[in-house]
Amino acid sequence: MRWRRASKPTCFRAHALTYPVFNRLASAYLTRHPSRAPYLDALGDRLPDFVRADTRWNDPRTAQIARLDQAFNRAFHAPAAPPPRTETLAAAGGPRLRLQPHVTVLEEDWNLMTRRGLCLDAEEDFVPRFVKRKGYWVVYRNVEGGVAPQRLDRVRFRLLGALSEGEALEAACARAAEGLAPPALDRLAKQLPRWFAEWTTLGWFTQ
Amino acid sequence: MKTISREAIGLGLRIPYYRHLFEAWPKVDFFEIISENFMGDAPLPKRNLEKVLSRYPVVLHGVSLGIASAAPLDEAYLRRLKELADFTDAPYFTDHFCWTTAHDVQHHDLLPFPYTEENARYVAERAARVQDFIGRPFGLENLSSYVAFASSEMTEWEFNNRVLELSGCHYMLDLNNIYVSSVNHLFDAEAYVDSIRWDRVLQCHLAGHHRNPDGTLLDTHDAPVCDAVWELYRRAWRRSGGGFPTLLEWDENIPPFPEAHAEALSARQHRSRV
């Protein structure tokens, strides 16, 4: 059995937590949430909540790293939900579009996504610096079944974030428009149909 | 149901091989997949498996059944395993002589247990049920182990033979595991091989291992097959009479596909020396 051997260095290299820190975190997490299934797909699903709830790990950077890891795992493993139906779009209280379970919208305060790529591509264990930098991302499963992170601007992040929280389409668009000056609002009105067409093509929505 | 010849030489299917396989489509007798890696909802592993199945026979090798666990057999797991076996049309499927679950916790490891008549009957009854449910020949693999139990009443090979006799199931014979355990527990690896009922052997595993500074061995699947294991292979091939499908496992420090495949194919040279 090789899963644990394979996943441990991947986590280490992806996040550069260092082995001692990673081992302490993993041991504490698995003691609290041991595996109950024959598969490892969902083993780390509670890690973001665990990190937030435990004072030993509760720092914003570790929490965001855990969330990023969860997003990649879900993008790969989550089952696909049915696409939206016409009646969903015409629901009382305004049309609703939910994001597929494999789609996660993320906000980062450090260069975590970039570091992840750098660490995984490196031949040897390589620890690039953390850089304090705001970033917005969506991590999803592409049509080939691979995991694809895509950078978002702040407006698209707010819009998709609102949809992921279950807001109706109109309210989500209103949240995206908050604070925008009139020229930017006009631009947004023109961009919205194109964005939704693109996201529909990418298969991000469910009912 | 697909068949695999006794002379067949295969490889454990691993992700780093995909690019080469899907571009070059080399001639390979068969592949073995880790069952659990293809039993989830993720679509990509299934798509890759479909491509592999379009050209090659595939057999299933599981790591989470826990045939010796005290917990009841996981029926949902067995249903998924049957779906995968039917999807791949695997000529047989295998798992390990081990337990994996206790008190509702899955340890994701292959854990040993005492070799007693009571345990042999327990394992045999469960193995027979699994074979019957899946509807294909079921092979159990001998462990590489690092502890032994004072309460054991028989040798490992006597135990395994007893289970196969009682259950009507089969052997997934791992020659590297025999060698690793023989060094760790100071038993005679050749006596082990000589005890095998070859009509019960579905397949043989080969792999590399790691030698610790204290001389004990760890089953790491991260290196070429060592001379001592090839020697056991020649002995096994000679004693089997008609041979058996042979498969190389390589799970860490995985070399490019042609290199791993060449290592597997070198089994032919060893056969010719028998």
Side-chain angles (χ1 to χ4, degrees), chain A residues 1-13 26-27 29-46 70-83 100-104 120-121 123-125 139-148 202-203 206, chain B residues 12 14-16 18 34-51 61-66 69 71 73-78 80-81 95-96 98 100-111 141 143-144 207 210 218-222 249-254:
Chain A
M1 216 285 277
R2 298 285 162 254
W3 289 335
R4 285 191 314 184
R5 291 173 183 281
S7 61
K8 191 163 143 181
T10 302
C11 289
F12 167 73
R13 293 180 68 192
S27 295
Y29 175 70
L30 290 173
T31 301
R32 180 73 182 85
H33 299 291
S35 178
R36 309 278 183 198
Y39 326 100
L40 296 171
D41 308 4
L43 184 62
D45 243 17
R46 296 176 176 182
Q70 183 190 50
F72 272 79
N73 199 43
R74 283 187 177 169
F76 190 80
H77 288 291
Q100 285 279 355
H102 64 81
V103 180
T104 306
L120 289 174
D121 289 343
E123 284 295 318
E124 301 295 331
D125 287 341
V139 180
Y140 67 101
R141 182 162 69 224
N142 63 24
V143 290
E144 285 84 32
V147 178
L202 290 169
T206 181
Chain B
R14 304 296 181 255
I15 291 169
Y18 283 150
I34 301 296
S35 311
E36 289 79 0
N37 289 349
F38 298 87
M39 288 164 69
D41 294 310
L44 187 56
K46 291 248 172 67
R47 284 182 201 175
N48 287 327
L49 180 57
E50 277 177 347
K51 285 192 209 172
H61 186 52
V63 292
S64 294
L65 174 63
S69 295
L73 288 167
D74 183 337
E75 291 182 11
Y77 173 87
L78 287 176
R80 283 197 186 192
L81 182 59
D95 205 291
H96 299 79
C98 72
T100 56
T101 308
H103 307 295
D104 200 29
V105 171
Q106 171 68 247
H107 292 283
H108 299 291
D109 216 334
L110 310 172
L111 300 165
E141 178 180 327
L143 282 190
S144 56
H210 172 76
L218 200 57
D219 178 31
T220 46
H221 301 184
D222 65 350
E249 296 178 293
W250 208 318
D251 291 285
E252 281 187 76
N253 304 324
I254 298 175

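A, B, ... follow the sequence lines: proteins, then strands. Residue 1 opens every chain.
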Correct closest heavy-atom pair for B/G40 and A/D41 would be CA-OD2, 3.9 Å
When the 4.5 angstrom heavy-atom criterion is applied to B/D104 and chain A, the contacting part is both
* Does any N or O in the side chain of B/H107 come within less than 3.5 Å of the main-chain N or O of A/S35, such that one atom is a donor and the other an acceptor? -> no
Under 4.5 Å to a heavy atom of chain B? For A/A37 that would be backbone
Most heavy-atom pairs under 4.5 Å with chain B, out of A/A80, A/A75, A/P79, belong to A/P79
Exercise. Between the side chains of B/Y77 and B/E36, is a donor N or O closer than 3.5 angstrom to an acceptor N or O?
Worked result: yes
Whatever's closer than 4.5 Å to a heavy atom in chain B on A/V143 counts as backbone
Original post:
Within a reach of under 6.0 Å around CG of A/L30, are more than 12 heavy atoms found that belong to other residues, nucleotides or ligands?
Top reply: yes
